[in-house]
Student: 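I have a structure here, written as structure tokens, and I will follow up with some questions on it.
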Amino acid sequence: MLLTCPDGGVLGLDEQIPQDDLYRLRHSTAHLLAQAVGELFPGVKYAIGPPIEDGFYYDFDLPRPLSEEDFPAIEARMHEIARRDLPIVREEMDRATARAFCERNNQPYKVELIDDLPEDTVISFYRQGDWSDLCRGPHVPSTGYLKHFKLLSTAGAYWRGDEKNRMLTRVYGTAWFTQEELEDYLRRLEEARARDHRKLGKELGLFVFAPEQVGSGIPLFLPKGEMVRHLMESYVREVQTRYGYQHVWTGHLVREDLYKRSGHYDNYRDAMFPPMQDVDAGITYRLKPMNCPSHMTLYNLSGLKSYRDLPLRYAEFATLYRYEKSGELSGLTRVRALTQDDCHIFCTEAQIESEFGLALRLIQEVLQRYGFTDYRVRLSLRDDNPDSKFVRDDEKWAKAEQALRNALDANGVEYFEARGEAAFYGPKADFLTRDALGREWQISTIQVDFIQPARLGCKYIDEHGQEQTPVVLHRAVTGTTERFLGVLIEQYAGAFPFWLAPVQCVLIPIADRHHAYAHQVAAHLQGAGFRCEVDGRNEKMGKRIRDAELQKVPVMLIMGDRDVENQTVSVRRRGEGDLGAKTLAEVVALFTQWRDA
RNA sequence: GCCGACGUGGCUCAGCGGUAGAGCAGCGGUUUCGUAAACCGCAGGCCGUCGGUUCGAAUCCGACCGUCGGCUCCA
């Protein structure tokens with residue numbers, strides 16, 4: 001096995017995986033898995049099997065695909081091999097010997113790996129008993145060290161991550177030093193599943209999917225879900241306005257020609273919904289998959305611009321439609337109808353750094369308001385593969401990349417670099433976060449574009465009366481409302497902060513005779529701008545408290561005879577319990593304080 | 001799109017060759033209650049769709065649709 005993880009890039013693995021003991025343990029467990037599969041399925045061809053965060057995987061080319069039903073037998077064999085306590089020994093070979101060895105063992109993937117190793121690489125194998133694998137190491141001393149592991153799932157994976165190649169069978173597993181750590185990890189997985197936004201979205205009545213009736217990847221928002229969306233968007237709109245952004249609106253259909261001119265048609269045709277024909281006029285439309293060309297058109301048609309008009313910032317909450325492949329759809333995090341909080345900033349080259357800084361501060365303010373700290377910033381650059389989508393204009397790319405780096409450095413942002421992740425028109429700074437199950441998603445982004453403005457004929461007149469092409473910064477704050485909401489639900493485990501909760505307060509009158517008072521209190525709070533519901537169901541108070549707690553409503557107001565008499569309500573905070581009786585004025589003051597916190 | 005698993009009332013799930021079950025939710029009644037589940041009753045499903053095997057299919061086989069876990073992709 002060749003371990004190309006930390007610097008390989010090929011595997012798309014994160015560079016932060018440390019070469020520590022746990023890494024070594026997992027790496028060896030991957031070998032153990034491979035040996036077990038080899039013993040159970042003679043003729044298996046091995047691909048690669050690296051350690052990954054929390055575990056490992058191994059890719060096999062097998063006569064038949066594995067399913068989880070095969071796991072007990074494989075795990076049993078792994079334990080058996082572990083009990084043999086085979087020493088794991090390193091053996092170095094020269095290239096020709098290594099190649100011949102792998103060919104003799106009918107391991108074509110290993111041969112391919114050897115052929116691709118740089119000239120000066122020391123080629124090593126790790127042997128345990130009569131089983132051996134191409135591998136850089138390091139490993140634990142013997143198979144006896146491997147005790148606390150579990151196979152988790154199978155998956156198809158293309159050889160070398162290329163969909164043109166053969167699909168292999170990948171087995172994922174986890175491994176730990178102690179049984180407690182293993183069990184703890186499995187428990188964490190369980191807990192993560194409990195905060196899955198798809199589950200919570202259903203339980204909390206936020207959204208549904210109707211693949212058979214409306215379509216896959218098109219979330220339908222219930223009143224509570226729409227309330228949260230509305231709050232999220234109003235909030236970002238308020239911040240953007242405060243930062244000098246202007247909001248525009250550009251519709252849902254666009255003539256296809258525009259995307260041919262912008263370059264999107266060539267790069268993303270397959271990911272757009274099929275064209276629509278206006279037969280009478282002979283025009284072809286597309287559902288709008290991105291805003292840039294529309295905003296640039298708006299720029300062009302709203303009068304000739306002077307350098308004094310720049311920077312000009314067009315923001316839009318636009319619902320876009322993208323034909324994501326069926327297998328890629330995932331709850332709210334990957335949808336076909338998505339609402340971006342998009343913005344295009346038209347500016348001069350000299351303004352890039354300050355505009356980037358402004359966008360960055362805006363993003364940081366918003367993420368902080370949401371209590372969002374678990375993200376990292378990726379500087380996404382092009383690669384030098386001549387077949388890739390990136391527009392070829394070295395000078396402009398170099399300029400854009402330098403501008404982005406300067407801006408990141410000037411603002412003291414920590415980031416890591418990823419080649420091949422840029423947009424076709426320029427490099428970007430992407431903000432990545434993880435969902436409950438550890439999958440990484442892009443939220444905020446700032447992109448430098450030296451290409452599209454020229455293609456679409458954007459211009460301004462500089463201080464010398466000369467025509468110039470503006471630079472465009474593409475920028476999204478929360479990314480898409482849908483995805484960000486999905487990630488937020490998981491971060492909060494469904495318990496939204498007071499300002500964002502769709503229902504901020506449930507009023508619980510103890511007996512029927514308290515209903516009128518409850519409605520009176522509710523009306524008062526609604527008048528003060530808070531979202532309240534009266535739970536007047538014929539259920540015991542304890543049951544209604546329980547339901548409100550399970551629905552993650554931040555506040556419950558309970559009222560009985562004492563309260564009616566004293567004109568108070570008894571305040572209960574979710575997860576905290578009874579805070580005692582308060583007057584309405586006190587409640588409004590408390591609510592205001594919680595809302596603005 | 002590709003590989004694998006799964007698809008039973010609104011929700012969570014049992015049944016896996018012989019005429020469809022439970023809990024929760026819903027509806028009707030009784031109860032009027034002080035901080036996380038009162039009681040009684042009623043109703044609700046062509047078992048994803050289409051085709052095949054069988055005397056007989058929710059149960060076995062196939063195709064399609066959808067969901068889930070990955071892979072690929074992500075303007």
Side-chain angles (χ1 to χ4, degrees), chain A residues 12 57 59 62 64-70 152-172 193 196 198-199 202-203 205 208-212 215-216 259 262-272 288-293 320 322-331 334 338 340 342 389 421-426 428 430 437 439 441-442 445 447 449 452 474 476 483 508-515 538-550 556-563 570-581:
Chain A
Y57 68 78
D59 286 348
L62 288 156
R64 71 162 172 93
L66 296 176
S67 81
E68 289 177 27
E69 287 178 18
D70 297 305
L152 297 175
S153 60
T154 62
Y158 301 105
W159 166 237
R160 304 208 138 172
D162 187 334
E163 62 182 329
K164 288 190 278 293
N165 289 339
R166 183 172 169 78
M167 181 159 272
L168 308 170
T169 300
R170 175 172 298 177
V171 176
Y172 283 97
R193 277 190 270 272
D196 188 316
R198 292 165 295 194
K199 178 176 150 74
K202 203 183 283 182
E203 289 172 1
V208 295
F209 283 93
E212 315 271 354
S216 292
Y259 299 137
S262 70
H264 289 96
Y265 183 85
D266 286 336
N267 286 301
Y268 300 108
R269 186 180 22 203
D270 293 344
M272 295 183 194
K288 187 170 71 174
M290 91 298 295
N291 297 307
C292 2
L320 309 175
R322 296 181 180 178
Y323 185 75
E324 305 287 5
K325 287 190 265 181
S326 58
E328 311 174 317
L329 299 173
S330 176
R334 195 72 183 272
L338 50 129
Q340 260 186 0
D342 205 1
K389 64 190 174 186
E421 294 292 330
F424 74 86
Y425 47 72
K428 359 177 241 166
D430 297 318
L437 297 174
R439 293 174 291 207
W441 299 98
Q442 181 186 311
T445 184
Q447 315 177 351
D449 184 355
Q452 281 191 81
H474 305 239
R483 171 176 297 177
I508 302 176
I510 290 173
D512 289 354
R513 62 181 176 278
H514 311 122
H515 280 200
N538 182 12
E539 295 286 353
K540 298 193 79 160
M541 178 195 62
K543 164 71 167 166
R544 285 175 286 162
I545 289 174
R546 176 181 154 81
D547 286 346
E549 289 274 350
L550 291 175
M556 286 142 268
L557 298 181
I558 293 143
M559 56 215 75
D561 291 336
R562 292 206 296 270
D563 298 291
S570 156
V571 179
R572 181 189 165 104
R573 196 107 220 240
R574 173 193 60 219
E576 290 176 27
D578 194 359
L579 303 184

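Fair warning: this is a prediction, and the values are worked out from it, not measured in the lab. Lettering of chains follows the sequences in order, A, B, ..., and the numbering in each one begins at 1.
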Student: Ignoring hydrogens and geometry, is there a side-chain-to-backbone donor-acceptor pair from A:Arg544 to A:Pro509 under 3.5 Å?
Tutor: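 Flag set: sc A:Arg544 to bb A:Pro509 pair under 3.5 Å.
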
Student: Are any of the side-chain nitrogens in A:Asp561 or A:Arg513 under 4.0 Å away from the carboxylate oxygens of its partner?
Tutor: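 So A:Asp561 pairs with A:Arg513 through a salt bridge.
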
Student: Mind checking the P distance from B:G56 to B:G7? Whole angstroms is fine.
Tutor: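 25 Å, rounded to whole Å.
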
Student: Checking base pairs now: Watson-Crick or wobble, both atom distances under 3.5 Å. What partners B:G26?
Tutor: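 Pairing partner, where one exists within any strand: B:C42.
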
Student: Residues two or more places apart in sequence or in another chain: which of them pass side-chain contact (heavy atoms from CB on, under 4.5 Å) with A:Lys540?
Tutor: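 Residues passing side-chain contact (heavy atoms from CB on, under 4.5 Å) with A:Lys540: none at all.
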
Student: Given B:G34, B:C24, B:C11, identify the nucleotide with an atom nearest to the side chain of A:Ile510.
Tutor: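 Given the options B:G34, B:C24, B:C11, the side chain of A:Ile510 is closest to B:G34.
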
Student: Strictly by Watson-Crick or wobble contacts shorter than 3.5 Å, is anything paired with B:U67, and which nucleotide is it?
Tutor: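 Looking at the geometry, B:U67 pairs with B:A5.
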
Student: Out of B:A75, B:G34, B:G69, which nucleotide sits closest to the side chain of A:Arg439?
Tutor: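 Closest of the options to the side chain of A:Arg439: B:G69.
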
Student: From the set B:A75, B:G70, B:C74, return the single nucleotide nearest to any side-chain atom of A:Gln447.
Tutor: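 Nearest listed nucleotide: B:A75.
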
Student: Is the CD atom of A:Glu69 crowded by more than 12 outside heavy atoms at less than 6.0 Å?
Tutor: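 For A:Glu69, atom CD is not crowded (no more than 12 foreign heavy atoms under 6.0 Å).
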
Student: Nearest to the side chain of A:Lys543 - B:U32, B:A75, B:A38?
Tutor: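 When the side chain of A:Lys543 is considered, B:A38 is the closest of B:U32, B:A75, B:A38.
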
Student: Is A:Arg160 salt-bridged to A:Asp162, cutoff N-O under 4.0 Å?
Tutor: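 No, A:Arg160 and A:Asp162 are not salt-bridged.
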
Student: A:Pro211 near the nucleic acid: base, sugar-phosphate alone, or nothing, with a heavy-atom cut-off under 4.0 Å?
Tutor: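 Sugar-phosphate, backbone atoms only, no base.
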
Student: Work out how far the C1' atom of B:A38 is from that of B:A57, and round it to whole angstrom.
Tutor: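 To the nearest whole Å, 43 Å.
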
Student: What integer number of Å spans the P atoms of B:G4 and B:G62?
Tutor: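 Per the computed distance, 12 Å lies between those P atoms.
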
Student: If you measure from the P atom in B:C64 to the same atom in B:U72, how many Å do you get, rounded?
Tutor: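 About 24 Å, rounded to a whole number of Å.
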
Student: Under 3.5 Å, side chain of A:Glu549 to main-chain N/O of A:Arg574, donor-acceptor pair present?
Tutor: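 Not at all, since once roles are kept as given, no pair shorter than 3.5 Å links the two residues.
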
Student: Expressed in whole Å, how much space separates the C1' atoms belonging to B:C47 and B:A20?
Tutor: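 8 Å, rounded to whole Å.
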
Student: Using a distance-only criterion (donor-acceptor N/O pair, under 3.5 Å, no hydrogens), is the base of B:A37 paired with the side chain of A:Arg544?
Tutor: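 For A:Arg544, whose side chain was compared with the base of B:A37, there is no donor-acceptor pair (under 3.5 Å).
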
Student: List the atom of A:Gly331, the atom of A:Phe209, and the distance in Å for their closest heavy-atom pair.
Tutor: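 Nearest heavy atoms, A:Gly331 then A:Phe209: O-CZ, 3.3 Å.
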
Student: Which protein N or O atoms sit under 3.5 Å from an N or O of nucleotides 28-30 of chain B?
Tutor:
from: B:U30; atom 1: O4; to: A:Asn538; atom 2: ND2; distance (Å): 2.8

Student: In terms of ring plane angle, is the pair A:Tyr425 and A:His474 parallel, tilted or perpendicular, where the classes change at 30° and 60°?
Tutor: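 The arrangement is parallel - the two ring planes meet at less than 30°.
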
Student: Describe the nucleic acid contact of A:Gly542 in one word from base, sugar-phosphate, nothing, applying a heavy-atom distance below 4.0 Å.
Tutor: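 A:Gly542: backbone/sugar contact only, no base atoms under 4.0 Å.
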
Student: Is there a Watson-Crick or G-U wobble partner for B:C60 with both distances under 3.5 Å, and which nucleotide is it?
Tutor: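 Per the H-bond distance test, B:G52.
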
Student: Mark yes or no for a side-chain to base donor-acceptor pair under 3.5 Å between A:Asp578 and B:G34, with no hydrogen or angle criteria applied.
Tutor: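 Side chain to base: no pair present.
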
Student: Nearest to the A:Leu550 side chain among B:U67, B:A36, B:A75, which nucleotide is it?
Tutor: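 Side chain of A:Leu550 sits closest to B:A36.
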
Student: Determine the Euclidean distance between corresponding P atoms of B:C55 and B:U12; express it in Å to zero decimal places.
Tutor: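 B:U12 and B:C55 have their P atoms separated by 38 Å.
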
Student: Under 4.0 Å, heavy atoms only, any strand: does A:Ala548 hit a base, just the sugar-phosphate, or nothing?
Tutor: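 No contact at all - A:Ala548 keeps every heavy atom at 4.0 Å or more from the nucleic acid.
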
Student: Can you tell if the side chain of A:Leu557 reaches within under 4.5 Å of the side chain of A:Val571, non-hydrogen atoms only?
Tutor: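 Yes, at least one pair of side-chain atoms sits under 4.5 Å.
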
Student: Name the pairing partner of B:A36, where a pair is Watson-Crick or G-U wobble with both distances under 3.5 Å, or state none.
Tutor: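 Per the H-bond distance test, none.
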
Student: For a quick check of understanding: with a heavy-atom distance under 4.0 Å over all strands, which category does A:Tyr268 fall into, base, sugar-phosphate or nothing?
Tutor: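 Result for A:Tyr268 = base.
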
Student: Could you tell me how far B:C13 sits from B:C68 if I compare only their P atoms? Round to whole Å.
Tutor: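 Straight-line distance between the two P atoms is 14 Å.
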
Student: State, without any angle test, whether A:Thr445 and A:Gln447 hold a side-chain donor-acceptor pair at a distance under 3.5 Å.
Tutor: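 Result is yes, a qualifying pair exists.
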
Student: Among the candidates B:U12, B:A36, B:A75, find the nucleotide nearest to the side-chain atoms of A:Glu549.
Tutor: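 The listed nucleotide nearest to A:Glu549's side chain is B:A36.
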
Student: Between B:U32 and B:G26, how far is it from one C1' atom to the other, in whole Å?
Tutor: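 The answer is 22 Å between these two C1' atoms.
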
Student: For each nucleotide in nucleotides 1-7 of chain B, reading 5' to 3', give B when a protein heavy atom comes within less than 4.0 Å of its base, S when such contact involves only the sugar-phosphate, and - otherwise.
Tutor: BBBSS--

Student: Need one value for A:Lys164: base, sugar-phosphate or nothing, where a base atom within 4.0 Å counts as base even if backbone is also close, heavy atoms only.
Tutor: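 The residue A:Lys164 makes no contact with any strand.
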
Student: How many angstroms lie between CG in A:Asp563 and NE2 in A:His514, if you round to the nearest 0.5 Å?
Tutor: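 So the CG of A:Asp563 and the NE2 of A:His514 are separated by 8.0 Å.
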
